Novice: 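Let me begin by handing over the structure; questions about it come next.
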Amino acid sequence: MENGLNGKPDHPFPAGFAWGVASSSHQVEGCNFNNQWSAWERRGRIKSGDRAGLACDWWRNAERDFDLAQSLGINALRLSLEWSKIEPEEGRWDKAAVNRYREMLKGLHERGIRPFVTLHHFTNPLWFEAKRAFLSPRSIPLFQRFTRHAVETLGDLCSDWTTFNEPNVYASLGYFLGEFPPGRAGRFVQTALVTRNLVLAHAAAYRTIHALQPNANVGWAQHFVVFKPRRPRWAVDRWISGFIDRRFNQNFADSIETGRAPFPLNEFGDRLQEVQGTCDYVGINYYSRLRAGLALLSPRTLFFQLTVPPHKPQGDSGIEIPYGEAYPKGLRRAAKRFAAFNKPIYILENGVPDRDDRIRPWLLKAEVKQMRKALAAGVDLRGYFHWSLTDNFEWNEGWHLRFGLIELDPATQARKLRPSAQLYADIIRESRNGLGGA
Ligand code: FCB
């Protein structure tokens with residue numbers, strides 16, 4: 001049995017390892033009509049034409065999925081707070097919304113599941129967006145006040161916090177690639193300013209949480225992409241690939257590690273000393289590998305293009321663009337790179353869009369093997385969160401891309417386990433039974 005589902009037991013998973021699933025408010029809750037993503041949907045910007053609607057119906061009944069998570073042996077679950085529900089108008093707090101989150105967090109504890117709460121997962125209340133969101137420095141005290149309210153009202157039920165989900169994706173897809181609201185393309189300076197304000201808001205939130213909860217575990221979720229030059233022999237492709245890697249994968253992290261402002265503001269002597277060291281762990285969201293190369297016809301993206309060779313393993317394609325190559329080794333690479341922080345590491349998201357579960361089982365097993373190798377190499381890896389438990393509303397792809405271990409029919413809310421759900425349950429059980437596990 002030594003080569004169980006977890007692959008060659010290079011290294012056991014530590015006791016208390018968090019075997020989780022990840023989600024976000026807008027994608028699973030339903031009934032979100034007061035944030036900028038619902039406005040984006042009303043403007044017809046969801047490529048599939050879908051509506052989030054009830055999503056996975058968590059606002060009324062998250063407990064149905066908590067039961068499923070428990071039945072798979074999952075012991076941690078990442079969810080986010082919907083700021084637009086908690087503070088629907090500037091300075092007005094909705095008690096009923098907070099109580100619903102209290103109920104959900106209690107429901108998780110009752111099932112032996114440790115909640116990881118994300119404060120910001122892409123969505124802004126409409127009033128906040130109208131104030132230019134994180135493009136404005138006023139965003140920092142507003143986000144800090146929201147954080148304080150969240151910790152004051154929920155802190156007895158949670159101590160694992162993620163300030164921002166993927167600040168690099170929020171800034172670059174919203175202000176550089178124009179794929180996410182507010183849909184701006186080619187705004188290099190705005191992208192940098194948004195990143196700067198996000199770094200400052202993160203640090204302010206970090207301090208606020210710790211002032212209220214000295215033992216809190218606080219970090220952020222870094223989206224990591226493996227970039228490879230499209231034509232490795234072309235110096236220009238190699239340069240582009242290296243440049244994007246440093247900017248996209250490292251900008252935010254570098255600021256937190258060194259207190260330097262994000263590029264290119266650092267080049268003008270801008271320093272953010274107060275943000276240095278403001279994390280207790282590094283969270284990594286890893287999905288794929290992309291090729292980067294010169295594209296003379298793309299002036300709006302500074303003449304580069306991201307592609308995926310069609311023959312490489314990959315899940316389902318997005319409506320207009322491929323999702324990325326499924327490249328399990330990238331997980332270990334990411335973990336090793338951020339191990340330089342000397343802080344614990346959590347994989348806060350990992351998964352693949354795969355409606356028919358064609359490659360998910362292979363990928364899941366391969367990623368587990370990569371985690372064992374990372375552990376064997378001394379990486380302080382504390383948890384893994386699969387994205388996601390059930391299919392959910394995938395931003396501008398709507399219901400088109402399916403990431404669930406469990407298939408969901410949004411019209412009937414019927415759920416059906418994909419083979420990967422059972423596989424994940426087996427992986428978790430084996431890791432606990434000492435088959436190379438703890
Ligand atoms: C990540 C997002 C998450 C989900 C997955 C598929 O980038 O954080 O909300 O959309 O991708």
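Everything numeric here is computed off the predicted structure, so don't read it as measured data. Whatever order the structure lists them in is the order used to number ligands and atoms, beginning at 1. Any value given below was found using the heavy atoms of this structure, including those in side chains, with hydrogens, waters and symmetry copies removed. Throughout, numbering of the chain's residues begins at 1 and tracks the sequence.
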Novice: State whether a side-chain donor-acceptor pair under 3.5 Å links Asp280 with Asn217.
Specialist: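 No, no side-chain donor-acceptor contact under 3.5 Å.
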Novice: For ligand 1, what N or O to protein N or O distances fall under 3.5 Å?
Specialist:
{"unit_1": "ligand 1", "atom_1": "7 (O)", "unit_2": "Glu166", "atom_2": "OE1", "d": "2.7"}
{"unit_1": "ligand 1", "atom_1": "7 (O)", "unit_2": "Glu166", "atom_2": "OE2", "d": "2.9"}
{"unit_1": "ligand 1", "atom_1": "8 (O)", "unit_2": "His121", "atom_2": "NE2", "d": "3.3"}
{"unit_1": "ligand 1", "atom_1": "8 (O)", "unit_2": "Asn165", "atom_2": "ND2", "d": "2.9"}
{"unit_1": "ligand 1", "atom_1": "8 (O)", "unit_2": "Glu166", "atom_2": "OE1", "d": "3.2"}
{"unit_1": "ligand 1", "atom_1": "8 (O)", "unit_2": "Glu166", "atom_2": "OE2", "d": "3.3"}
{"unit_1": "ligand 1", "atom_1": "8 (O)", "unit_2": "Glu349", "atom_2": "OE1", "d": "3.1"}
{"unit_1": "ligand 1", "atom_1": "8 (O)", "unit_2": "Glu349", "atom_2": "OE2", "d": "3.0"}
{"unit_1": "ligand 1", "atom_1": "9 (O)", "unit_2": "Gln27", "atom_2": "OE1", "d": "2.7"}
{"unit_1": "ligand 1", "atom_1": "9 (O)", "unit_2": "His121", "atom_2": "NE2", "d": "2.7"}
{"unit_1": "ligand 1", "atom_1": "9 (O)", "unit_2": "Trp395", "atom_2": "NE1", "d": "3.0"}
{"unit_1": "ligand 1", "atom_1": "10 (O)", "unit_2": "Gln27", "atom_2": "NE2", "d": "3.4"}
{"unit_1": "ligand 1", "atom_1": "10 (O)", "unit_2": "Glu394", "atom_2": "OE1", "d": "2.8"}
{"unit_1": "ligand 1", "atom_1": "10 (O)", "unit_2": "Glu394", "atom_2": "OE2", "d": "3.0"}
{"unit_1": "ligand 1", "atom_1": "10 (O)", "unit_2": "Trp395", "atom_2": "NE1", "d": "3.0"}

Novice: Got a sec, which residues hit ring pair (Phe, Tyr, Trp, His ring centres under 6.0 Å) with Trp362, two or more places apart in sequence or on another chain?
Specialist: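 If we apply the ring pair (Phe, Tyr, Trp, His ring centres under 6.0 Å) test to Trp362, skipping adjacent residues, there are no hits.
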Novice: Test of understanding: with side-chain hydrogen bond (donor to acceptor under 3.5 Å, both in side chains), list the residues that count as partners of Gln276, not counting sequence neighbours.
Specialist: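 Gln276 satisfies side-chain hydrogen bond (donor to acceptor under 3.5 Å, both in side chains) with Gln273 once adjacent residues are dropped.
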Novice: Is Glu103 salt-bridged to Arg100, cutoff N-O under 4.0 Å?
Specialist: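 Salt bridge present between Glu103 and Arg100.
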Novice: If you look only at distance, which donor and acceptor atoms sit under 3.5 Å apart when one is on a side chain in residues 68-77 and the other is two or more places apart or in another chain?
Specialist:
{"unit_1": "Ser71", "atom_1": "OG", "unit_2": "Leu68", "atom_2": "O", "d": "2.7"}
{"unit_1": "Asn75", "atom_1": "OD1", "unit_2": "Trp19", "atom_2": "N", "d": "2.7"}
{"unit_1": "Asn75", "atom_1": "ND2", "unit_2": "Phe17", "atom_2": "O", "d": "3.1"}

Novice: Check this for me: does any side-chain nitrogen of one of Asp354 and Arg418 sit under 4.0 Å from a carboxylate oxygen of the other?
Specialist: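 No, no charged N to carboxylate O under 4.0 Å.
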